[in-house]
Amino acid sequence: MKYDFRRIEKKWQKRWEEEKTFAATLDESKKKFYALIEFPYPSGEGLHVGHPRPYTAMDIIARKRRMEGYNVLFPIGFDAFGLPTENYALKNKVHPAAVTKKNIARFTEQLKMLGYSFDWDRVVDTTDPAYYKWTQWIFLKMFEKGLAYKASMPVNWCTSCKCVLANEEVVGGVCERCGSEVVRREKSQWMLKITEYADRLLDDLDELDFIERVKTQQRNWIGRSTGAEIVFDTTAGDKLRVFSTRPDTLFGATYMVVAPEHEYVTKWMPLLENAEEVEAYRAAAARKSDFERTELSKDREKTGVELKGVRAVNPATKQEIPIFISDYVLASYGTGAIMAVPGHDTRDWEFAKKFGLPIVEVVSGGDVTKEAYTDCENGVLVNSGFLNGMSVPDAIKAMTQWLTENNLGREAVNYKLRDWVFSRQRYWGEPIPIVICPKCGYVPVPEDQLPLELPYVEYYETTDTGESPLAAMTDWVETTCPKCGGQARRETDIMPQWAGSSWYFLRYTDPHNDRELASRKALEYWMPVDWYNGGMEHTTLHLLYSRFWHKFLYDIGVVNTKEPYLKRTSHGMILGEDGQKMSKSRGNVINPNDVVNEFGADTLRLYIMFIGDFEKTAPWSTNAVKGCKRFLDRIWNLAEKPISGPETYSAANEVIIHRTIKKVTEDIESMKFNTAIAQLMTLVNAFYDSPPSRGDIKVLLELLSPFAPHIAEELWEIQGFKGMACQAPWPEYDASKMVEEMREIAVQVGGKLKTTVTVRNDASDDEMLQAALADEKIKKIVEGKEIVRTITVKNKLINIIVR
RNA sequence: GCCGGUGUGGCGGAACUGGCAGACGCCCGGGACUUAAAAUCCUGUGAGGGGCGACCCUCGUACCGGUUCGAUUCCGGUCACCGGCACCA
């Protein structure tokens, strides 16, 4: 009989579903394991061939853990709010809810086709009011604690999506999603105070088992720097505050620069001799989009205008110094103003050169007439009064202390991380449950009125005014104030897509709870997530946001762990057969349905894991897929007829079986799926040389089961083994049975490999030497020469040095 | 510019903690089976050179140099590519 994967795969998927083989139960007598993948966005295109890579990887781990006796939670859901669905709905004049429903059905079917061991009774859908009720609830808790606030500020505005974007969603000055130009707009927005958690998000990384590049990226994104805040007096009477990581260089501050948007610029305008020029520069800076700012920032020549009429006083030298505005100083970082130390800061140096400003050396070691000297390790302070002769670190301490004592400044910390812009002016998202009352201000919708559902309308359109389409839905917008009962309006902005995914892993622990987001009992049993695999592209978005929400929920006593995820790993992208990123326009897209139809789900699973190093990008190869199918065919041919005899390993295969168990067991843990499969192939090749016993076949099926579960199950049944393969205990190896009695060692003469000889296992140095010298070839080489020394590595090699 | 990563046959990729480079798979060649083809099975396959021959020699892990009995692995330098950040004071 032929390996009929179509029949087999359907059969076992049905059995698993009917018998709820993979249902997770809250059983405190068993040790738990929570395996998590990033739930998909159910796009109209259906499952992409990139999806199965992380899914199969975690499915293998989840299946192995079950076989190891763990109670495993391996859930799936849908992150279904979002722009593509809304845009598709607008274009085709259907409701986004209907589109979502259809897409989820399609994704579900495709995921089931791949035989993943998800617990299908725990599916969550972020667009389900029973789910987003709790997304809104968390928002209200944040509002209550002052972490959600409304602020008017310049925001990133995507000209095509007609919507505000978070900093994290702007990539290289353009919209991450559509690639259109992003401009700055002043808008009133809901914000979440993620910066309040910056220190904890940074410091707690140390204890987590995240791959290093994830940690590094999060650290860089948070961008903590320590230094001092320094106050400069001005001739206008106002005090100008700056942040500096190098307070030691204060004696070298020869001018100051403020951002064009700085409030003092407006304030001082009447005092300025060149007000017109300043105003013009300001207007020009405001017109620039983020795209222009970043594009041009590379080696851009510094521009700026002096504020003539106001000067600052260097608190260390007591000298008056000029103040400039320039767009190389960012309004959004620090205090929006800097002290410029051209001798020791590259940007200040360039600016000073251009404007002919004095460059004073205050740290010796370089040549400040040629370039800024920024070395912090070797420099010694000069021209700096009481700091002279100190090293940079000492001078930083001394200056900070001096500033504090004289009330001119203090130690300060700054972050690159900005608060999270949480408003979107679209329809398909969670409504922000706030009522705007002319008397009471921002009033939360009472908890018992949650969920605040999206109004269902047949037709709506985005607006050009920057308002949400919800604003036009008068019946919904007009309401009464929950506090005073007076006439009021609802907030019409919705939450960003990241809201629903910031806590979904908590819902999986207790998905049908209508009284809490999840019961304390379920959270205590299942949390934290033991292993979370996902894309690198979410490192500074979803991964950071969800850590933030989790920490907040910890603070208010909802969850019992400080961090949501113990371990985070990441997979590489799958490229097209041409080595290019898969895209419709390139015509190199592989559809998983086609692969499954032609070769079967087991083959696809196996190939996607065999394709290469899990962490690296890898190009698709249809030929290599065939190789994986061939491998399964070979297994089928070995086991399609019942083998009789005892369930013990055959003598001929025993050594390789133990080695394979060890290798597969360890490789799955380190996500080296490609070498685990290679080892299984080696084992099968060995079975072709020495026909496998009943026990040999059994262990092969056990090891194969996480990778290719359907064929493993079918052959398991054919062989008449008990239960299901996926429920068998994970096999164990015996290290003492992994070695042959005799082994081959390498023989080198003078470090060069000459031949190999066979010695008994664990042979002594002398035995190895005698065996080597007994070899005809070595004899000839060594003849007439003096053996100076020999180097041996047990069971590996002997190196003979001759003269 | 800064941070992180990668560079190995025709291709995807292996190689523990410094110890036989190229596991496994693909492609390709040879053979068996077949009327034939496909499938399957067996077998060869880094490059160059020598021998009728079982075999032998030389070179080879981006490039240059170093440490070492021995380097894909460690150190210094160079180049290329990929990812992230980007005037962050």
Side-chain angles (χ1 to χ4, degrees), chain A residues 2 171-173 212-221 223-225 227 242-246 249 253 257 259 293-300 302 326-330 332-341 344-348 350-351 414-418 536-537 539-540 572-573 579 606-607 610-613 615-628 630-631 633-634 637 663 666 672 674-685 688 744-756 777 788-802:
Chain A
K2 238 187 119 214
V171 176
E212 211 45 47
R213 49 196 179 123
V214 167
K215 287 191 184 183
T216 314
Q217 260 187 49
Q218 288 207 347
R219 284 190 190 115
N220 291 343
W221 188 262
R224 177 164 67 192
S225 47
V242 302
F243 171 75
S244 174
T245 52
R246 295 289 304 276
T249 61
V257 187
R293 278 201 171 192
T294 51
E295 265 310 283
L296 295 172
S297 72
K298 285 171 188 162
D299 316 288
R300 172 153 142 243
K302 299 278 178 291
S326 172
D327 61 5
Y328 86 86
V329 172
L330 308 174
S332 55
Y333 185 77
T335 62
I338 63 153
M339 64 175 203
V341 185
H344 307 283
D345 181 281
T346 314
R347 295 150 307 181
D348 298 344
E350 284 167 19
F351 191 87
N414 251 288
Y415 304 91
K416 286 192 204 176
L417 185 70
R418 307 261 69 88
M536 280 307 287
E537 69 275 19
T539 304
T540 54
M573 217 192 335
L606 209 57
Y607 173 64
F610 188 60
I611 195 165
D613 186 336
E615 289 201 354
K616 295 203 193 109
T617 55
W620 185 267
S621 160
T622 299
N623 269 331
V625 178
K626 287 180 200 160
C628 289
R630 202 171 292 158
F631 169 62
D633 281 331
R634 280 162 71 79
N637 294 338
K663 179 100 180 118
E666 292 173 355
K672 289 181 174 173
N674 52 339
T675 50
I677 293 166
Q679 182 65 34
L680 287 172
M681 288 172 169
T682 308
L683 182 69
V684 168
N685 290 344
Y688 269 74
E744 213 177 45
I745 61 160
V747 182
Q748 297 181 340
V749 179
K752 292 211 168 203
L753 178 74
K754 293 297 174 190
T755 189
T756 58
K777 199 173 160 187
V788 185
R789 62 187 276 219
T790 59
I791 296 134
T792 55
V793 181
K794 205 177 243 326
N795 294 329
K796 280 261 163 72
L797 70 76
I798 177 162
N799 186 6
I800 304 169
I801 314 299
V802 292

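Every chain is numbered from 1, with letters handed out A, B, ... down the list of sequences.
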Q) Where each residue is assigned the nucleotide of RNA chain B containing its nearest heavy atom, which of I611(A) and S244(A) is assigned the position nearer the 5′ end? A) I611(A)

Q) Got a salt bridge between E615(A) and R213(A), using NZ or NE/NH1/NH2 to carboxylate O under 4.0 Å? A) yes

Q.
For V242(A) versus T335(A), what's the shortest heavy-atom pair and its separation?
A. CA-OG1, 3.3 Å

Q. Atom CD1 of I798(A) to atom C1' of G19(B): distance rounded to whole Å?
A. 13 Å

**Q.** Rounded distance in Å between the C1' positions of G5(B) and G44(B)
**A.** 37 Å

Q) Quick one: does K302(A) reach the base of C87(B) with a side-chain donor-acceptor pair under 3.5 Å? A) yes

Q) Hey, is the side chain of R789(A) poking within less than 4.0 Å of OP1 or OP2 on C69(B), counting only N and O atoms? A) yes

Q: Tell me the partner of C74(B), counting only Watson-Crick (N1-N3 plus N6-O4 or O6-N4) or G-U wobble (N1-O2 and O6-N3) with both under 3.5 Å; none if nothing fits.
A: G66(B)

Q. S225(A) near the nucleic acid: base, sugar-phosphate alone, or nothing, with a heavy-atom cut-off under 4.0 Å?
A. sugar-phosphate

Q: Indicate whether OP1 or OP2 belonging to U40(B) is found under 4.0 Å from a side-chain N or O atom of R630(A).
A: yes

Q: Indicate, with a heavy-atom threshold strictly under 4.0 Å, whether K626(A) touches base, sugar-phosphate, or nothing.
A: nothing

Q. Just checking Q217(A): base, sugar-phosphate only, or nothing, at a heavy-atom cut-off of under 4.0 Å?
A. sugar-phosphate

Q: Select base, sugar-phosphate, or nothing to describe what Q679(A) touches, counting heavy atoms under 4.0 Å on all strands.
A: nothing

Q) Does K777(A) make a side-chain N or O approach to OP1 or OP2 of C56(B) shorter than 4.0 Å? A) yes

Q: Could you tell me whether D348(A) contacts a base, only the sugar-phosphate backbone, or nothing, with contacts defined as non-hydrogen atoms closer than 4.0 Å?
A: nothing

